[in-house]
Amino acid sequence: MKAIVLVGGEGTRLRPLTYTTPKPLLPIANVAFLERQLSWLASHGVDEVVLSLGYLPDAFAAHFPSGRAGDVKLTYAVEPEPLGTAGGIRFAAEHAAIDDRFVVCNGDVLTELDLTAMLRFHAERGAEATIALCRVEDPSAFGVVPTLPTGEVIAFVEKPPPGHAPTNWINAGTYVLEPSILDRVPPRLNVSIERETFPRMLEHPGNLFALQSDAYWIDIGTPEKYLEAHRDVLTGSVGLPPVVAATEVAPGVWHQGSVRVDAGARIEAPALLGDGAAVGPGSTVAGSVLGAGAVVESGAHVIRSVVLDDARLASGTEVVDAVIGRGALLEAEATATDLSVIGAGAVVAAGSKLSGARVPPPGVQV
Ligand code: GDD
Ligand code: MG
């Protein structure tokens, strides 16, 4: 079966990380998010994926040089300009000559949804399109989808004002579609499946269905959710070990490859230390992930945070509820807290106190 993964967005809410790495290629617990999504798709019988691309397209080909991810064959449909979600689906489907039932996923949703059961539900209903739904506390940042007991969709309200959502069941960003839906999308235009295609399908009942699921689900698209996804993966929400071949050296503490933890350093679960990571004496790493080659020098504290590959935290630094980009440097005694996000290769000067800051990578003007 073929699937289209929508990865054309700029990931603005995850800037500055997404200035240099497209959102789907950002690691979640040291594995590119997209790799996790592709293995989930493969586990439900998907063997060919079309990446619907626009933003930083070369990064994807560079990440998957063989044009494959495990058993999944990859093809790339690069949009000349952003075509929106429905426009992107049509463009990608034409590119890959899709003429049979297919799956579409948003490229930023980490989930354990039972896609096999969803395909069955779709076939049983004879639906033209089926939307996976999950439940969230505040639906205002999502597509809100009330249904009849049969699963037929009553309405599709994209991002209603707070307090105005008719239900807490939201579009989880996975669809099963019949190829006939492509005829509903005007070619070469920017069209939103959420704001245009789905609402218009409701003019004639019986075509659009939705399946509610309480399976694990998170949209990784903001710093808060990106950190939350890491905690969930570390604690087993999508299965353990958090990374293939990681070793559990103490309950909830995982190592990849060869890791150096100096005497007097404290690692508190849940934690994942990537290959070549090093933690100096008197330092604490708790509830956090260190990428490959990340270095935490002496007397530093890394709490509920993500430090990407080859970043360096000098002595006495403090990183709490923050994301440190690939190859970034925090000089001595600097602190980054409260959802600070440091871009790849950025340097935070000694003694700086950053709270909720966004530091761009060198060379990017904001
Ligand atoms: N190819 C392509 N072209 N992809 C795009 C484009 C485009 O022009 N615009 C956005 N995308 C991709 C993004 O890369 C992302 O994977 C997906 O489409 C959804 O875009 P987001 O920007 O992440 O949307 P959202 O999170 O605000 O809302 C969407 O996801 C929610 C669930 O997380 C909607 O589908 C909501 O209805 C849904 O509830
Ligand atoms: Mg999103």
Side-chain angles (χ1 to χ4, degrees), residues 1 3-6 9 44 52 83-90 92-93 98 100-186 189-219 221-222 225:
M1 161 150 337
I4 295 172
V5 180
L6 293 167
H44 290 285
S52 169
L83 293 173
T85 43
I89 292 168
R90 177 170 175 150
I98 289 182
D100 215 343
R101 181 172 299 162
F102 63 108
V103 173
V104 171
C105 304
N106 285 351
D108 61 355
V109 166
L110 183 65
T111 181
E112 285 283 278
L113 169 75
D114 185 349
L115 181 58
T116 305
M118 184 177 173
L119 285 159
R120 203 161 46 229
F121 173 97
H122 175 88
E124 282 165 6
R125 299 293 184 289
E128 187 180 2
T130 299
I131 305 169
L133 304 184
C134 61
R135 230 185 315 207
V136 295
E137 228 158 79
D138 175 13
S140 63
F142 300 100
V144 180
V145 189
T147 52
L148 296 173
T150 55
E152 191 163 346
V153 172
I154 302 169
F156 193 112
V157 194
E158 183 68 10
K159 309 205 171 111
H164 285 74
T167 169
N168 283 33
W169 287 99
I170 59 125
N171 170 21
T174 300
Y175 317 127
V176 178
L177 304 177
E178 295 301 315
S180 58
I181 199 168
L182 302 170
D183 300 331
R184 297 176 179 272
V185 183
L189 291 181
N190 187 309
V191 184
S192 159
I193 200 165
E194 298 90 344
R195 295 183 191 275
E196 296 167 68
T197 317
F198 287 150
R200 275 195 204 135
M201 284 180 77
L202 296 173
E203 289 164 14
H204 301 283
N207 297 315
L208 186 57
F209 284 79
L211 174 63
Q212 300 177 340
S213 162
D214 281 318
Y216 177 78
W217 182 90
I218 194 168
D219 178 329
T222 62
K225 294 291 171 183

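Quick caveat: nothing in here was measured; it's all calculated off a predicted structure. Computation of the quantities below employed the complete heavy-atom set of this structure, encompassing side-chain atoms and omitting hydrogens, waters and symmetry-equivalent molecules. Numbers here simply count residues along the sequence, with the first being 1.
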Mind listing the closest non-hydrogen atom pair of [X] and [Y] along with its distance?
| X | Y | value |
| --- | --- | --- |
| Val103 | Met1 | CG2-SD, 3.6 Å |
| Gly88 | Leu6 | C-CD2, 4.5 Å |
| Ala129 | Ile181 | CB-CD1, 4.0 Å |
| Ile131 | Met118 | C-CE, 3.8 Å |
| Thr130 | Leu211 | CG2-N, 4.4 Å |
| His44 | Thr116 | ND1-OG1, 2.6 Å |

How long is the straight-line distance from [atom2] of [Y] back to [atom1] of [X], given to the nearest 0.5 Å?
| X | Y | atom1 | atom2 | value |
| --- | --- | --- | --- | --- |
| Lys225 | Ile218 | NZ | CD1 | 5.0 Å |
| His122 | Glu128 | NE2 | CD | 8.5 Å |
| Leu182 | Ile89 | CG | CD1 | 8.0 Å |
| Ile170 | Phe156 | CD1 | CZ | 9.0 Å |

With a 3.5 Å distance limit and no angle check, can you tell me whether Asn106 reaches the backbone of Asp108 through a side-chain donor-acceptor pair? no
Considering residues at least two apart in sequence or located in another chain, which fulfil the salt bridge (charged side-chain N to carboxylate O under 4.0 Å, His left out) criterion with [X]?
| X | answer |
| --- | --- |
| Glu196 | none |
| Glu112 | none |
| Arg135 | Asp214 |
| Arg195 | none |

Using side chain to side chain contact (heavy atoms under 4.5 Å, CB included) as the criterion, list what pairs up with [X], not counting sequence neighbours.
| X | answer |
| --- | --- |
| Pro186 | Leu189, Val191 |
| Pro179 | none |
| Asp138 | Ser140 |

Under the side-chain contact (heavy atoms from CB on, under 4.5 Å) test against Trp217, which residue among Leu110, Val136, Leu133 passes? Val136
Using the test side chain to side chain donor-acceptor pair (under 3.5 Å), find all partners of [X] that sit at least two apart in sequence or belong to another chain.
| X | answer |
| --- | --- |
| Arg101 | Glu178 |
| Ser213 | none |
| Thr150 | none |

Which pairs would a plain distance check flag for residues 198-210, meaning a side-chain donor or acceptor within less than 3.5 Å of a matching protein atom at least two apart in sequence or in another chain?
residue	atom	partner	partner atom	Å
Asn207	ND2	His204	O	3.2

Strictly by side chain to side chain donor-acceptor pair (under 3.5 Å), give each pair with a member in residues 155-173 just once, sequence neighbours left out. Asn171-Tyr175
